[in-house]
J.: 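Can you keep this structure in mind? I'll have questions shortly.
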Amino acid sequence: MTNPLREGLATERIPAPCSVVIFGASGDLTKRKLIPALYNLAVSRLMPPGASVVGFARRPKSDDEFRGEQKESVAKFSRRKPLDEAVWNDFASGLFYCQGNYDDAAGYEKLKALLDRIDRERGTRGNRLFYLSVPPSEFAPIVTQLRESGLIAEVKPGKPFTRLVIEKPFGTDLETGEALDRTILSAFDERQVFRIDHYLGKETVQNLLVFRFANSIFEPLWSREHIDQVQITVAEDIGVEGRGSFYEEAGALRDVVQNHLLQVLSLVAMEPPVAFDADSVRDEKTKVVRALRPLRDIEKLTVRGQYSAGTHAGQPVPGYREESSVSPTSRTETYVAIKAHVDNWRWGGVPFYVRAGKRLNKRVTEVSLHFKQVPHALFVGAGVVEPGVLSIRIQPDEGIALKFMSKVPGPVTTLRPVTMDFRYGTSFGDAGPEAYERLILESMLGDATLFARSDEVRAAWEWCTPLLRRWPELGAPEQYPAGSWGPAGADELLHADGRNWRRL
């Protein structure tokens, strides 16, 4: 019988009781993001009864030692402060630790025994969520051991679930990405795999779908008939922050463009899905990535940069080649700018200018759609008529702004651009939960809408891999001073088309 008092209220989304196993429990991601996210879900009463978290790592450690370490991490990194002792004590009662090597069957036998005990004592019903917070080299050994130890259940209605959450990078190029997928899909069904990209958990990224498809104002203008260009910027003001050895292997293309930036681009450019469910949304996103025009004239369509010594917040900072664990002759790119095209009916002829870089002037991620210039100069002598710009700020200062022309009050007709501004903080009090909170909750619920599918990842690597193969033949990246907006070549990329990067 329906409860009449709950009519019109949003349905609560509480997952089934389960055990979350974090491989790499001693790592930085676990301390800074994963355990704080799980604790915050508990504070919000979104964790199911009996929910348990098992940390799996190489170092020997007791349950109490693990709980003590994680309490310090939550107190330091949780967005909710101060720590709620009552919530923590309840949450910590479901925290456990299992020591083992990732490629050693003995550790998985201990893990299996522990999970069985948790099922009996805490009622988790055999449901398992395995989270790989480990270096990519450990993905295959862990998946193999999970399969051989019998810890992966088949997908059957009404039966316990087994799911795998895997952090990027999903390979380092097309070949390695395909090899990783073969390994994963030899053990798991695609429906059990959740390839996590934390950008998709950001409220402002999700709001792209709502903004476009829940409003009839802008969607009719969202096409080549009205849009002159689209710009997407993912800028960081920090350097490699002690991760020189990782960045030497990754570079900006693998670290940001192939995943975060293309995810945002696909949400901006996708067609309306037939339903708001995982397959429908991901079908449309994948179509966009497949429609990206191959980058054949790489020298003219792409720019690589690498930051040199400069200043940040008034303080001197080293260049990339002076960072720890970085080669003094490194050719790794810390900045990428690309002129892309989505070759379909909606976007034919509209350039998508995308850029991502480290040690830039400020931290900002933004999408801006630049409308076409008015066809007739009606207000001659009243000022420069600037095209309208719709900007979606993903971080920080999350919100949406529309710039358009207006008349300055007075007896003379003078034009000036003005801005209508929506800010999350002003309208809703804050920007909402952190990305990992939403994504972990969705993976426990089994909703893959905000996760990448294998064919989408493959299409992204197909587009990016030619750059990885061609760039080494073009010499070293162009240097740009830390604290600037990147190399001069990035400005020239747009100047060649009579355009400029939007000032941020």
Side-chain angles (χ1 to χ4, degrees), residues 13 33 37 40 79 165 167-170 194-215 218-219 222 230-236 255-273 276-289 292 340 342 347 352-356 363-369 389-402 421-425 427-428 430-443 445 447-453 456-457 459-460 502 504:
R13 304 177 76 227
K33 296 294 184 181
N40 287 332
R79 67 183 175 89
V165 181
E167 283 279 343
K168 73 174 186 73
F170 315 118
F194 292 73
R195 297 169 187 83
I196 195 166
D197 185 325
H198 75 269
Y199 258 57
L200 293 180
K202 293 181 180 293
E203 286 288 342
T204 36
V205 172
Q206 297 168 46
N207 198 42
L208 272 169
L209 292 175
V210 176
F211 182 75
R212 288 189 59 190
F213 304 131
N215 298 291
F218 292 108
E219 181 58 25
W222 210 275
V230 179
Q231 295 186 15
I232 303 176
T233 297
V234 181
E236 297 180 88
D255 189 41
V256 177
V257 176
Q258 185 271 341
N259 37 77
H260 302 330
L261 203 151
L262 287 187
Q263 289 288 341
V264 173
L265 187 152
S266 65
L267 291 172
V268 171
M270 66 185 278
E271 295 297 319
F276 189 60
D277 58 42
D279 283 337
S280 299
V281 172
R282 297 192 295 179
D283 284 347
E284 299 304 332
K285 287 170 57 192
T286 302
K287 289 177 184 177
V288 172
V289 184
L292 286 170
V342 179
W347 295 109
F352 283 70
Y353 299 104
V354 301
R355 57 177 172 171
R363 172 179 174 262
V364 59
T365 300
E366 184 192 85
V367 176
S368 59
L369 292 92
V389 178
L390 177 66
S391 59
I392 297 103
R393 296 185 302 275
I394 294 172
Q395 66 179 12
D397 192 26
E398 295 86 350
I400 300 171
L402 176 65
D421 208 351
F422 152 70
R423 297 170 186 262
Y424 268 79
S427 298
F428 301 118
D430 60 40
E434 292 188 354
Y436 277 98
E437 294 174 42
R438 176 69 186 271
L439 294 174
I440 291 174
L441 178 63
E442 297 295 317
S443 60
L445 289 164
D447 187 340
T449 303
L450 301 178
F451 297 82
R453 201 168 60 191
E456 183 183 355
V457 174
R502 172 172 154 81
L504 303 174

J.: Quick one: does Trp347's side chain have a donor or acceptor within less than 3.5 Å of a partner on Ala269's backbone?
T.: yes

J.: According to the interplanar angle, ranging from 0 to 90°, do the rings of Phe194 and Phe451 count as parallel (below 30°), tilted (30 to 60°) or perpendicular (above 60°)?
T.: perpendicular

J.: Would you call Arg502-Glu366 a salt bridge at under 4.0 Å N-O?
T.: yes

J.: Mind listing the closest non-hydrogen atom pair of Leu439 and Asp197 along with its distance?
T.: CD1-O, 3.7 Å

J.: Taking all non-hydrogen atoms of both residues, which atom of Ala278 and which atom of Ala448 are closest, and how far apart?
T.: CB-C, 3.7 Å

J.: Show the nearest heavy-atom pair for residues Arg438 and Gly201, with the distance to one decimal.
T.: CB-O, 4.2 Å

J.: What residues form a side-chain hydrogen bond (donor to acceptor under 3.5 Å, both in side chains) with Asn40, not counting sequence neighbours?
T.: Ser78, Glu437

J.: To check you understand the geometry: which heavy-atom pair defines the closest contact between Ile400 and Arg393, and what is its length?
T.: N-NH2, 4.1 Å

J.: With rounding to the nearest 0.5 Å, note down the distance linking CG in Asn207 to CD1 in Ile392.
T.: 9.0 Å

J.: To the nearest 0.5 Å, what is the distance between OG1 (Thr449) and CG (Leu200)?
T.: 10.5 Å

J.: Could you tell me the separation between the CE atom of Met270 and the CG atom of Leu209, rounded to the nearest 0.5 Å?
T.: 5.5 Å

J.: Distance from Leu504 atom CG to Ser391 atom OG, nearest 0.5 Å?
T.: 9.0 Å

J.: Which heavy atom of Val457 sits nearest a heavy atom of Gln258, and at what distance?
T.: O-NE2, 3.9 Å

J.: Looking at every heavy atom in both Thr204 and Gly399, which two are closest together, and how far apart are they?
T.: CG2-N, 4.1 Å

J.: Begin with the C-alpha distance, continue with both residues' side-chain angles, and end with the deciding distance and a verdict on side-chain contact (heavy atoms from CB on, under 4.5 Å) for Glu398 and Glu203.
T.: CA-CA 9 Å; Glu398 295 86 350; Glu203 286 288 342; over 6 Å; no

J.: For Tyr199 and Val256: C-alpha separation, side-chain torsions, deciding distance, then whether side-chain contact (heavy atoms from CB on, under 4.5 Å) applies.
T.: CA-CA 10 Å; Tyr199 258 57; Val256 177; 5.9 Å; no

J.: Can you check side-chain contact (heavy atoms from CB on, under 4.5 Å) on Lys285 and Gln263, steps first, answer last?
T.: CA-CA 8 Å; Lys285 287 170 57 192; Gln263 289 288 341; 2.7 Å; yes

J.: Is there side-chain contact between Val210 and Phe276, with at least one heavy-atom pair below 4.5 Å?
T.: no

J.: Answer yes or no: is there a side-chain heavy-atom contact under 4.5 Å between Val342 and Leu292?
T.: yes

J.: How long is the straight-line distance from OG1 of Thr365 back to NE2 of His260, given to the nearest 0.5 Å?
T.: 9.0 Å

J.: With distance as the sole test, does Lys168 use its side chain to make a donor-acceptor pair with the main-chain N or O of Asp255 at under 3.5 Å?
T.: yes

J.: List in chain and number order the residues that pass ring-ring contact (aromatic ring centres under 6.0 Å, His included) with Phe213, two or more places apart in sequence or in another chain; answer none if no residue qualifies.
T.: none

J.: Using the ring of each side chain (for Trp, its six-membered ring), is Tyr436 parallel, tilted or perpendicular to His198, with breaks at 30° and 60°?
T.: parallel

J.: Using modelled atom types and a 3.5 Å cut-off, is there a donor and acceptor pairing between side-chain atoms of Arg212 and backbone atoms of Leu267?
T.: yes

J.: Hey, mind stepping through Lys287 and Glu271 against side-chain contact (heavy atoms from CB on, under 4.5 Å) and telling me if it holds?
T.: CA-CA 9 Å; Lys287 289 177 184 177; Glu271 295 297 319; over 6 Å; no

J.: If you measure from OG1 on Thr286 to CG on Asp279, what distance do you get to the nearest 0.5 Å?
T.: 10.0 Å

J.: Given Leu450, which of Arg282, Lys202, Gln206 fulfils the side chain to side chain contact (heavy atoms under 4.5 Å, CB included) condition?
T.: Gln206

